[in-house]
K.L.:
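This structure is in structure tokens; I'll ask about it shortly.
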2 protein chains.
Amino acid sequence: MKSTEPACQYELKAARDAMEVIQGKWRVPIVISLTYGKKRFGEIHRDIPDISPKMLSQELKALEENKLITRTLYDSMPVTVEYALTPLGMSLRELLNELRNWGKYFRNEIIGQL
Amino acid sequence: MKSTEPACQYELKAARDAMEVIQGKWRVPIVISLTYGKKRFGEIHRDIPDISPKMLSQELKALEENKLITRTLYDSMPVTVEYALTPLGMSLRELLNELRNWGKYFRNEIIGQL
DNA sequence: CCGAATCCTGTTTGATACTG
DNA sequence: CAGTATCAAACAGGATTCGG
């Protein structure tokens, strides 16, 4: 307890836990896309046209490992796969709202004056 | 307006604006450290011991360019520098709260079961 | 004490092409 | 449709040294 800010240390750790999960260029967009309902690979891709199939596949896998989304394979012909948010993934809703709100605020306040 | 999710596109952009500002390993910790009040370089460094002076300097500069913090030079001997949040930086408060809350939730729900 | 300058490395991301 | 494979580029981050 000699640190000047013991509380600070604990708060920092929690924030970094969260950042690790949503960090990167694509995870937030993917999760937001899925807040509109379950989607297939190609549908997510249409929401995020810039992403390469490789990155989409890779990030979906990471999100699944963190239990934020589920991957369901329908063994039809041709093969169909659906991605959907888990309850944990849905629990990001408030955080993503704040993220968007602040992003809009920042854009209005700053971007353009830079 | 032919996209399946026109609203989605707009929301994605706002969220990514926000992510760009707070992304990276160190920006959120730095801003959180400064929510406890203005601090000097070495004080921030004590809150975030793992960061190298180079990264701290570099990230402080980036945050200053985005108008989230101010850098004040006191021409004393030896030289003293103080960093503080701007109103825009303080406006991150709610977002950072959500980040920490979700981080704690995630840790309780998931980490350990992985 | 508060950095700047340089060099270096590994991870992340992307482009392109290909497969069941 | 839903990815994989391969290769290259870009970037983040670290180590070290130096200066006011």
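Remember, it's a predicted structure, so these values are computed and weren't measured experimentally. Chain A is the first sequence line, chain B the second, and so forth, proteins listed ahead of strands; every chain is numbered from 1.
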K.L.:
Under 4.0 Å between a Lys/Arg side-chain N and an Asp/Glu carboxylate O for A:R40 and A:E82?
P.N.:
no
K.L.:
Rounding to an integer number of Å, can you tell me how far B:E82 CD sits from C:dC2 P?
P.N.:
10 Å
K.L.:
I need the CG-C1' distance between A:L56 and D:dA2, as an integer number of Å.
P.N.:
9 Å
K.L.:
Tell me whether the OP1 or OP2 atom of D:dA12 has a side-chain N or O from B:R27 closer than 4.0 Å.
P.N.:
no
K.L.:
Reading nucleotides 11-19 of chain C 5' to 3', which nucleotides get B (base under 4.0 Å from a protein heavy atom), which S (sugar-phosphate only), which -?
P.N.:
--BBB----
K.L.:
Once you round it to whole Å, what is the distance between C1' of C:dC2 and NZ of B:K39?
P.N.:
17 Å
K.L.:
Return the value, rounded to whole Å, for the distance between atom CG of A:D75 and atom P of D:dA2.
P.N.:
13 Å
K.L.:
Under a 4.0 Å threshold between the charged nitrogen and the carboxylate oxygen, would B:K39 count as salt-bridged to B:D47?
P.N.:
yes
K.L.:
Can A:Y74 be reached from A:F41 by stepping across I, L, V, M, F, W or Y side chains whose heavy atoms are under 4.5 Å apart?
P.N.:
no
K.L.:
Can you see if the side chain of A:K61 gets near the phosphate of D:dT4 - specifically, an N or O under 4.0 Å from OP1 or OP2?
P.N.:
yes
K.L.:
Just checking A:Y74: base, sugar-phosphate only, or nothing, at a heavy-atom cut-off of under 4.0 Å?
P.N.:
nothing
K.L.:
Could you state the CD1-C1' distance from A:I44 to D:dG3, rounded to the nearest angstrom?
P.N.:
12 Å
K.L.:
In whole angstrom, what separates B:L73's CG from C:dA4's P?
P.N.:
11 Å
K.L.:
Taking only side-chain N and O atoms of B:R40, does any of them lie within less than 4.0 angstrom of OP1 or OP2 on C:dC1?
P.N.:
no
K.L.:
What residue among B:Q9, B:K13, B:R16 forms side-chain contact (heavy atoms from CB on, under 4.5 Å) with A:P29?
P.N.:
B:R16
K.L.:
Of A:S57 and A:P78, whose closest DNA chain D nucleotide lies nearer the 5' terminus?
P.N.:
A:P78
K.L.:
Nearest-nucleotide wise, let me know which of A:V81 and B:V79 is further upstream toward the 5' end of DNA chain D.
P.N.:
A:V81
K.L.:
If we only count heavy atoms from C-beta on, is the A:Y83 to A:L34 side-chain gap below 4.5 Å?
P.N.:
yes
K.L.:
To the nearest Å, how far apart are B:I30 CD1 and D:dA12 P?
P.N.:
14 Å
K.L.:
Applying side chain to side chain contact (heavy atoms under 4.5 Å, CB included), can you list everything that pairs with B:R27, at least two apart in sequence or on another chain?
P.N.:
B:E59, B:A62, B:L63, B:N66
K.L.:
May I ask you to say whether B:E11 pairs ionically with A:K104, meaning some side-chain N is under 4.0 Å from a carboxylate O?
P.N.:
yes
K.L.:
Whole angstrom is fine here: how far is it from CD1 in B:I48 over to C1' in D:dG13?
P.N.:
15 Å
